[in-house]
There are 2 protein chains.
Amino acid sequence: MASRDGTRADDAQETDKPPARPGGRREAHRRERAQALEAAALKLFLERGLEGVTIDDITQATGVAKGTFYRYFDDKAALVDGLLEPVRRELLAGLETCGHALAEARNVEAMFDAYRAVAAVIASALLQYPGVVRLYLQESRGPAVGARTKVAELARLVARHAVDITQKAHTSGLLRPIRPAVSGLAVVGAVERLLLAVLSEEDIGNPLELPDALTTLVLDGLRLPPGPRPGRRKLDGGPKRP
Amino acid sequence: MASRDGTRADDAQETDKPPARPGGRREAHRRERAQALEAAALKLFLERGLEGVTIDDITQATGVAKGTFYRYFDDKAALVDGLLEPVRRELLAGLETCGHALAEARNVEAMFDAYRAVAAVIASALLQYPGVVRLYLQESRGPAVGARTKVAELARLVARHAVDITQKAHTSGLLRPIRPAVSGLAVVGAVERLLLAVLSEEDIGNPLELPDALTTLVLDGLRLPPGPRPGRRKLDGGPKRP
DNA sequence: AAAAAGAGTGACCAGATAGTCATTATGGGC
DNA sequence: GCCCATAATGACTATCTGGTCACTCTTTTT
């Protein structure tokens, strides 16, 4: 299953085999074909799992000959990598931006904004690449072997960023003294489970209400504050006490 | 990979092939062998994933001939089922007990006790069957196909119980009005992610402090209550506000 | 139009894999 | 010590799988 050497670190992103010279015709067709292969593969991956899908399955589902696959991808892992690429790029960029913003933020509002931005990035990825996000959720916890390697790698990066971000948020002194590795991973776990629920169409109500619900949950917890205030509290400027 | 019919619902739990007649000697040896196969398989599953391990791998790692495997298990899925069995039994029993307790509980203390009991069940499973728990965490989100079927099934049951329990907790009127499907799944996600961290030996501090940290997080959230109270607050009767 | 470059094909190969089975070994009851 | 049910074996089959390649078809370049 594994093949080639993994030494060249700077291989191309989209279609990695022969670089198309002209900037016009053939290249467009090439991109279409590659995307057709990726789309068919993704569908199968979601149905049967990454390891349960063969190259033959993919080419048959795409309607091309087997050899064609290898004209576009080195192997299954390369296809998965291509599939993951846009999501990885946008997600990691969003997380890094959040980290930087948080490092400089010194008031609550800036902190909230940073988190909202991450939520927006996730929502965007969810809308643009629902299948890929689901693939990530399905496979990210398995051992980093074969075609799953890059997925697991992304999961590690996400976890690290999350803990990092939580760390930074903690230095602001606005959060309860819980170990960032704990609270950060807990939030990641919660978010990922809810995303999976949304993508699996488990009954979870209006997805658009999720960010608010989750924010409330994470910031203020489940326990109802014992006051005569039945309404839902959203993100305001932080509680001021008389 | 799939085989037989799935129609008989009451198949045996431990070793499912030929029921050993005498109640003494040979049966003990049989159980040992089965456990040896399960142990070797589990180790491989954790390294390479459920689908990445062949029957040959398992028998070689156990040091027996291939045919021997089929004397103990119908196929890989049956072995996984046997592996899962004790954890599933204890976990589901704990969740059901919690559900019943919660249905009758009418004060906060009884509610906390019910949750503590579930935490104890999880901790117990973690200590007795760390490998199996990890296998569950690794595989539970993949498509319910082949050997993964039973793992995915358990995951569904866990999710359902969690939502159910949260639902019941909500009827007590002590919790914030967040959809139970949302808060329940969020908690499951957080717990599972933290368990994975513990079992993967990610740096997460003292695992014994996890239940408290998580309880605080879930009940009271991350936001630090704005008062001159720097110490960590544990489970008490809930915050009273002036 | 001719030539060159790229794209597509599917038969083919070598190795792997699930599951079977005739044969041999073993251990317990007598 | 004998016998037989059970256990263990590993060679065997049929199928599948990743990957290759000589050949044909299509598009671009000259």
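Protein chains get the first letters and strands the later ones, always in sequence-line order, with residue 1 at the start of each. Values below: every heavy atom of this structure, side chains too, minus hydrogens, waters and symmetry copies.
- Taking the ring centre of Y72(B) as origin, the terminal cationic atom of R30(B) falls inside the region bounded by 6.0 Å and 45° from the ring axis.
- Taking only side-chain atoms of H29(A), from C-beta outward, the nucleotide of dG8(C), dG18(D), dA18(C) with the closest atom is dG8(C).
- The base of dT27(D) sits within donor-acceptor range of the side chain of R26(A), with an N or O pair under 3.5 Å.
- Taking the side chain of T54(B) as heavy atoms from C-beta on, and the options dA7(D), dA7(C), dT17(C), the nearest nucleotide is dT17(C).
- Looking at the side chain of A65(A), the nearest of the listed nucleotides dT9(C), dG19(D), dA7(C) is dT9(C).
- The listed nucleotides are dA7(C), dA18(C), dG27(C); the one nearest the side chain of R71(A) is dA7(C).
- If you take CG on D57(A) and NZ on K76(A), they are separated by 8.5 Å, rounding to the nearest 0.5 Å.
- Taking 4.0 Å as the cut-off between side-chain N and carboxylate O, E139(B) and R141(A) do not count as a salt-bridged pair.
- Listed nucleotides dA5(D), dT20(C), dT9(C) differ in distance to V64(A); the shortest reach to its side chain belongs to dT9(C).
- Side-chain N/O atoms of R30(A) include one lying less than 4.0 angstrom from OP1 or OP2 on dA7(C).
- Counting any heavy atom pair closer than 4.0 Å across all strands shown, T68(A) reaches a base atom.
- Taking 4.0 angstrom as the limit, Y72(A) places a side-chain polar atom (N or O) nearer than this to OP1 or OP2 of dG8(C).
- For K76(B) against dA18(C), a side-chain-to-base donor-acceptor contact under 3.5 Å is absent.
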